[in-house]
Chemist: 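Take a look at the following structure, please.
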Amino acid sequence: MLNFKNTGLGALLFLVGLNVSVQAGPQDYYKNILVGDRAATMGGAYVAISDDASAGYYNPSGMVFAYGSTVSGSAIANHQTQLKYKNVFGDKDWDRESEASLPNFFGLVQKVGRHAFGFSYIVPESVIENQDQIFKNVKTPKGFRDQYAVNVHTEDTQYLVGPSYAFKVNDKFSLGLTLYSFIRQVRLQQYQYVELNSIFVSDYYNLEAHESGLTQKVGVQYSPIDQISLGLTVTQTGLNSSKTKLQQVSVFPLIINSNVVESSQVYEASSDEKREFPLQISMGVAYFHSPFVLVAADIDFFQQRDDTLEDVINLSLGTEFFIDDTNAFRMGLFTNNTNQPEISKSRTGNNEHLDMNGFSLGYSSYSKTSSVTLGLIYSQGQGDAQIFGDPKIIKDFERESTTMLLSASYSY
Amino acid sequence: MKASFINRGITVFIVLCCWTQLGSAQDKENFRRRVYQKAQKFTEADVQTEIEFGRNLAARILGKYKTVQDAQLARYVALLGNGLAAQTGRPELKYYFAVLDADEVNAYACPGGYIFITRGALQRMSNEAQLAGVLAHEITHIDHRHVVNKLGIKGKDQSLSSAFASLISGATGSVRVLMDQLSDKALNMLFEEGVDKQDERDADSAAIEMMATLGYDVVSYRNYIESLKNLNAEGDGKVLSKTHPSVKERVQYIDQRVAELSLKEIPGKTNQQRFKDYVKL
């Protein structure tokens with residue numbers, strides 16, 4: 001009978017068990033890419049402001065307060081994420097990076113009397129990862145050394161596109177609604193190869209997923225006194241279609257009568273199961289201290305309908321100040337907490353658990369009808385990950401995310 | 001625990017929404033305006049766009065109404081109006097005045113210096129001071145850019161950042177389409193909605209100051225406005241009542257301003273005979 005531990009094949013399977021597919025996906029967080037020009041550089045604290053082309057995304061009721069009768073805006077973002085798993089291969093860290101450059105926001109608002117109509121296209125999440133690494137002389141717990149290769153290609157992008165409508169009830173109160181078409185496309189391809197004492201194991205994994213549905217957002221804004229604005233939105237996404245296909249091919253050695261025989265296994269699966277999205281409730285307050293200074297704060301609550309996920313609360317704080325009538329600076333702080341539960345060694349299939357904190361900085365140059373904004377958004381966090389099959393093996397990991405954006409707005 | 005925290009937050013929000021307002025009920029929206037939106041820098045391009053827009057709007061009004069075929073009357077109104085504008089108007093504009101052959105009691109100010117007064121309005125006047133007050137009111141709408149600001153009429157921004165912004169934001173140069181849309185909105189504003197109440201008060205206040213500066217009797221203007229309270233009963237006030245605050249509100253405000261400026265004690269001219277010589281409707 002084969003003794004995996006003595007032959008070191010246990011170590012092989014130990015290494016090949018590295019499960020890239022459970023790595024922190026975009027669906028674990030709700031604030032990976034901030035949207036808009038003004039909003040993104042204020043840490044996303046925009047529910048009580050929302051008076052520009054990004055209103056459909058943050059709070060559609062704010063559209064009626066946009067400056068000008070027609071407003072448009074767009075942004076191009078370069079979004080990078082670095083993940084570092086500590087001491088994964090012996091004493092070697094496993095680093096993963098993703099980078100996506102894309103136009104992640106376009107919006108248009110048209111005011112007609114007490115009504116306002118909007119349309120926006122949002123990419124709130126985009127991950128494009130290409131990883132090709134070979135680790136040599138890896139120290140395993142048994143002290144074996146050889147090489148390990150991993151190739152990963154991941155694409156995970158979400159799109160929101162749709163119209164918005166707002167009605168100004170009076171000078172203090174407005175209502176709004178956004179209906180977005182939600183689309184998510186995922187492709188994950190992973191190849192792993194382990195060679196140990198001339199025995200090798202390889203595993204190829206391909207996952208494709210496509211989701212589509214509807215995101216509904218209802219918002220209100222209220223100004224109880226001059227200079228103060230309060231905002232509230234309720235958002236719910238429901239899928240009407242979800243298709244996931246998985247293919248896995250594994251090649252591994254079997255020892256039969258002291259002879260090593262190559263064996264392979266092919267696995268296919270598909271699923272139409274639709275995941276449940278949380279109910280999102282966002283509240284915000286903005287204090288318009290003067291035409292030069294503005295301060296805002298938001299709290300976002302995500303109430304899960306999936307029992308395997310945790311409720312999430314995110315906080316945002318932002319400020320904008322004009323140094324003169326054409327130049328403005330913005331800063332923001334925000335949290336981006338995970339919906340994954342704390343890792344437990346008594347439970348298999350743990351996903352990563354890491355909460356992130358971030359800040360944003362931005363500069364805008366204004367002319368009479370337009371503005372151009374440069375922004376930087378950074379967040380980071382430290383947490384735990386179970387990246388092998390054995391739940392007792394928990395690794396420290398760190399995550400950093402940086403977004404640089406260039407955006408513009410135009411008003412008539 | 002998280003749910004109860006959020007429920008408390010929602011409750012607080014609803015309570016705040018029901019909170020009795022403090023502070024002024026006027027211009028709640030304006031506190032949102034950032035400094036670059038409040039900065040009133042008007043360029044030559046802005047003025048040209050305003051003039052073109054106003055000319056287009058005036059043409060549409062003249063397409064809707066004929067003018068009174070009385071050359072003497074037209075000249076009288078134009079001279080009076082230009083005399084007022086020469087003292088108090090914007091120097092970069094040329095002001096044009098015409099009398100519309102319409103029963104409605106109203107006057108209209110188009111951006112760029114185009115002012116109309118209806119036959120119906122003139123028929124209810126008894127002296128030149130009242131006409132001067134109405135024309136001064138309309139000149140103020142133009143001087144203070146009430147329609148321009150409300151519609152956001154601006155000239156093409158030639159700055160580099162604007163060109164860059166239009167490139168990134170996908171804004172096209174569809175100014176003609178936009179101007180057509182704004183022209184429709186302006187007509188609706190003149191004949192249906194009216195400008196903001198604050199703008200109307202601003203125009204009445206400036207009108208009585210102009211009249212006093214030029215030696216006209218401000219009380220005549222006040223009495224003319226008060227005489228309009230019977231319009232709805234007579235069936236002539238449909239447009240006026242839609243586009244202006246109530247007569248009672250206007251008279252109260254004018255009385256308040258006259259008292260604040262101590263104008264009641266200052267005698268002014270009415271030029272009643274000259275008015276009757278030229279206005280024979």
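Here is the naming used below: chain letters follow the sequence lines, and residue numbers restart at 1 for every chain.
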Chemist: Does A/Ser290 offer a backbone N or O that forms a donor-acceptor pair with the side chain of B/Arg34 under 3.5 Å?
Modeler: yes

Chemist: At a heavy-atom distance under 4.5 Å, which candidate from A/Pro103, A/Ala286, A/Pro291 has the highest pair count against chain B?
Modeler: A/Pro291

Chemist: If you draw a 6.0 Å radius around CD in B/Glu44, do more than 12 non-hydrogen atoms from other residues or ligands fall strictly inside?
Modeler: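 For B/Glu44, atom CD is not crowded (no more than 12 foreign heavy atoms under 6.0 Å).
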
Chemist: Where does A/Leu294 contact chain B at under 4.5 Å (heavy atoms): side chain, backbone, both or neither?
Modeler: both

Chemist: I need the minimum non-hydrogen distance between B/Val35 and A/Asp324, along with the two atoms involved.
Modeler: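 The pair with the smallest heavy-atom distance is CG1-O, 3.5 Å.
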
Chemist: What's the spacing between B/Gln37 CD and A/Tyr366 OH if we round to 0.5 Å?
Modeler: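 Atom-to-atom, B/Gln37:CD and A/Tyr366:OH are 7.5 Å apart.
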
Chemist: Go through it in stages, so that I can follow the logic: the residues are B/Tyr36 and A/Ser371, the test is side chain to side chain contact (heavy atoms under 4.5 Å, CB included), and I'd like the CA-CA distance, side-chain angles, deciding distance and then a yes or no.
Modeler: CA-CA 10 Å; B/Tyr36 78 97; A/Ser371 70; 5.9 Å; no

Chemist: Using heavy-atom distances under 4.5 Å, tell me whether A/Val293 contacts chain B through its side chain, its backbone, both, or neither.
Modeler: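 Contact with chain B is through the backbone of A/Val293 alone.
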
Chemist: For A/Asp51 and B/Arg32, which heavy atoms make the closest approach, and how far apart are they?
Modeler: OD2-NH1, 4.1 Å

Chemist: Between A/Asn170 and chain B, which part of the residue has a heavy atom less than 4.5 Å away: side chain, backbone, both or neither?
Modeler: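 Interface part for A/Asn170: neither.
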
